[in-house]
Amino acid sequence: MYSAGGVDRDAVRGVLSHKMHKLGRSVKSFRELIGRWPNTAAFGRDINVGYETARKMKDRDSIRDVHWPSVIAAAKKRGMRITLEDLMR
């Protein structure tokens, strides 16, 4: 079992679609979530990926599960409440 940032990736790996139907109550996609940052570069910096990786996440409307703990932590620092369950929807 591999755990990163308190999230057991192996436990959720089989149910990930990388596309969301809903994210929380007000965000419907990964693209919309990334759009809550001042810009794509700021999102990338906050989750410790380069600009091109962040841009591809936004363009594809997909964030790999390995980045989810960083996304949750970065969102919290910016006053957003995003949970693992939100990302799995």
Could you state the interatomic distance from [atom1] ([X]) to [atom2] ([Y]), rounded to the nearest 0.5 Å?
X	Y	atom1	atom2	answer
Asn39	Tyr51	CG	OH	8.0 Å
Leu33	Met80	CG	CE	6.5 Å
Ile63	Arg31	CD1	CZ	11.0 Å
Asp61	Glu32	CG	CD	9.5 Å
Ile34	Asp59	CD1	CG	9.0 Å
Thr40	Arg45	OG1	CZ	10.5 Å

Closest approach of [X] to [Y] (non-hydrogen atoms, all atoms of both residues):
X	Y	answer
Ile82	Ile72	O-CG2, 3.4 Å
Val66	Pro69	O-CD, 3.7 Å
Ala54	Gly44	CB-CA, 3.7 Å

Is it true that Lys77 and Asp46 make a salt bridge, defined as a side-chain N closer than 4.0 Å to a carboxylate O?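 Here Lys77 does not pair with Asp46 in a salt bridge, since their nearest N and O are not under 4.0 Å apart.
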
Is it the case that one hydrophobic cluster holds both Met57 and Met88, taking links as side-chain heavy atoms less than 4.5 Å apart, direct or via other members?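 Per the 4.5 Å side-chain linkage, Met57 and Met88 are co-clustered.
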
In the structure I gave you, are the side-chain heavy atoms of Lys58 and Phe30 within less than 4.5 Å of one another anywhere?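 No - every pair of side-chain heavy atoms lies 4.5 Å or more apart.
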
